[in-house]
Amino acid sequence: MQTLDRHAIQADLDKHRKAFDHCDFSDADLSKLDLSAIVFSDCILDRADCRGAVLCGSLWTNCKASGASFLAADCSEARFAHSNLANTNWRGARLSSARFEDSKLTGADFSEARLLAIHFERCLLVSANLRGISFRKNELHGLDLSDADLGGADFRDAVLVDCRLRGASLKAAMFSGADLRGCDLGRYSLSEAQTLSGATISASQATELLAGFDIHVA
């Protein structure tokens, strides 16, 4: 695996290099670089500094970027697949039409990010900060949102399939018209469950919710 620092990366970009394969960018300073449409394959970017970088249309496959910072980066239309992005910082990033597929995003912070038309599929988002995110009218598949902060999130008219919401913070979230029958809800307090007002759930889910209120269905 080739290890590259900022100087080497910039030199490659000046030569119009468009792909990096099996490269190690651990702890590298990639801040404010123009990496538009660059392909990263099987690369390591643990703790890399991508603050303010331009990553529009970039493609990331089988990458490891645990603890990397994408603070205020432009990741519009970027795609991240089969990658470890645990504890990454996306605060203030532009993620319009970005896609995350089959990836680990445990503890990721998306607060203040611009998330218009962002897409997650089969992703681990445990304990992630997704406050205010809009999934309105989306069909969500395979998202583990356990213990995530979903305060103010918009799930109206969304369909959740094979998803988990156990322990998630749902304060001020909106679920009117949502279909949650394919979702593991876990147990919530009465005040928390009121957030689910207007959603469709199954009889078994209702029984589990009632158990959280110490109410038993005979």
Side-chain angles (χ1 to χ4, degrees), residues 1-134 143-145 147-149:
M1 179 171 284
Q2 183 181 13
T3 300
L4 298 175
D5 58 15
R6 184 183 181 89
H7 177 74
I9 296 166
Q10 187 62 70
D12 281 344
L13 293 174
D14 290 342
K15 296 175 184 176
H16 305 292
R17 181 171 178 175
K18 290 297 182 182
F20 293 93
D21 183 50
H22 287 85
C23 293
D24 187 350
F25 301 98
S26 298
D27 299 298
D29 179 8
L30 308 180
S31 60
K32 299 184 179 180
L33 288 179
D34 186 351
L35 299 166
S36 301
I38 297 295
V39 176
F40 295 91
S41 179
D42 295 287
C43 292
I44 299 176
L45 297 101
D46 292 338
R47 302 170 304 282
D49 182 359
C50 299
R51 290 178 296 174
V54 180
L55 298 163
C56 302
S58 57
L59 173 62
W60 309 61
T61 58
N62 298 307
C63 291
K64 297 178 181 179
S66 180
S69 175
F70 295 89
L71 182 73
D74 189 347
C75 303
S76 302
E77 300 184 354
R79 181 187 175 199
F80 300 83
H82 303 281
S83 294
N84 183 350
L85 302 163
N87 300 310
T88 41
N89 182 357
W90 306 86
R91 289 177 63 93
R94 184 188 297 274
L95 288 157
S96 301
S97 299
R99 299 179 65 88
F100 294 86
E101 301 164 349
D102 301 288
S103 292
K104 181 178 181 180
L105 288 150
T106 301
D109 185 356
F110 289 94
S111 57
E112 301 175 21
R114 285 166 280 188
L115 306 174
L116 181 65
I118 192 171
H119 177 84
F120 295 101
E121 188 167 354
R122 297 180 303 277
C123 286
L124 193 63
L125 287 153
V126 175
S127 300
N129 185 337
L130 290 161
R131 291 183 62 83
I133 191 170
S134 177
L143 301 188
D144 190 342
L145 294 158
D147 300 311
D149 187 348

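These values consider heavy atoms only, across backbone and side chains, with no hydrogens, waters or symmetry-generated copies.
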What distance separates [X] [atom1] from [Y] [atom2], expressed to the nearest 0.5 Å?
X: Asn129; Y: Ser111; atom1: CG; atom2: OG; answer: 4.5 Å
X: Arg131; Y: Asp149; atom1: CZ; atom2: CG; answer: 4.5 Å
X: Leu125; Y: Ser103; atom1: CG; atom2: OG; answer: 9.5 Å
X: His82; Y: Asp42; atom1: NE2; atom2: CG; answer: 11.0 Å
X: Leu116; Y: Ser96; atom1: CG; atom2: OG; answer: 5.0 Å
X: Ser97; Y: Leu115; atom1: OG; atom2: CG; answer: 11.0 Å

Could you check if a side-chain atom of [X] sits within less than 4.5 angstrom of a side-chain atom of [Y], using non-hydrogen atoms only?
X: Ile133; Y: Ile118; answer: yes
X: Lys18; Y: Ile38; answer: yes
X: Phe20; Y: Val39; answer: no
X: Thr88; Y: Phe80; answer: no
X: Ile9; Y: Leu33; answer: yes
X: Asp21; Y: Gln2; answer: no
X: Ser83; Y: Phe40; answer: no
X: Leu130; Y: Leu145; answer: yes

Arg99 and Glu77: CA distance, side-chain angles, deciding distance, side-chain contact (heavy atoms from CB on, under 4.5 Å) verdict: CA-CA 7 Å; Arg99 299 179 65 88; Glu77 300 184 354; over 6 Å; no
Are Arg79 and Glu101 ion-paired here, with the side-chain N under 4.0 Å from a carboxylate O?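 Yes, Arg79 and Glu101 are salt-bridged.
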ring-ring contact (aromatic ring centres under 6.0 Å, His included) with Phe70: which of Trp90, Phe100, Phe110? Trp90
Using modelled atom types and a 3.5 Å cut-off, is there a donor and acceptor pairing between side-chain atoms of Asp74 and backbone atoms of Ser76? yes
What's the shortest heavy-atom distance between [X] and [Y], and which atoms?
X: Leu85; Y: Ala108; result: O-CB, 4.4 Å
X: Ala68; Y: Leu45; result: CB-O, 3.7 Å
X: Ser41; Y: Cys63; result: N-SG, 4.3 Å

Just grab all the salt bridge (charged side-chain N to carboxylate O under 4.0 Å, His left out) pairs involving residues 84-93, residues at least two apart or on different chains. Arg91-Asp109, Arg91-Glu112
Side-chain donor/acceptor pairs under 3.5 Å, residues 47-62, sequence neighbours excluded:
{"from": "Arg47", "atom 1": "NE", "to": "Asp27", "atom 2": "OD1", "distance (Å)": "2.8"}
{"from": "Arg47", "atom 1": "NH2", "to": "Asp27", "atom 2": "OD2", "distance (Å)": "3.0"}
{"from": "Asp49", "atom 1": "OD1", "to": "Arg51", "atom 2": "N", "distance (Å)": "3.1"}
{"from": "Asp49", "atom 1": "OD1", "to": "Arg51", "atom 2": "NE", "distance (Å)": "2.8"}
{"from": "Asp49", "atom 1": "OD2", "to": "Arg51", "atom 2": "NE", "distance (Å)": "3.1"}
{"from": "Asp49", "atom 1": "OD2", "to": "Arg51", "atom 2": "NH2", "distance (Å)": "2.8"}
{"from": "Ser58", "atom 1": "OG", "to": "Leu55", "atom 2": "O", "distance (Å)": "2.7"}
{"from": "Ser58", "atom 1": "OG", "to": "Trp60", "atom 2": "NE1", "distance (Å)": "2.9"}

Where do Asp102 and Arg122 land on the salt bridge (charged side-chain N to carboxylate O under 4.0 Å, His left out) test, with the steps shown first? CA-CA 5 Å; Asp102 301 288; Arg122 297 180 303 277; 2.7 Å; yes
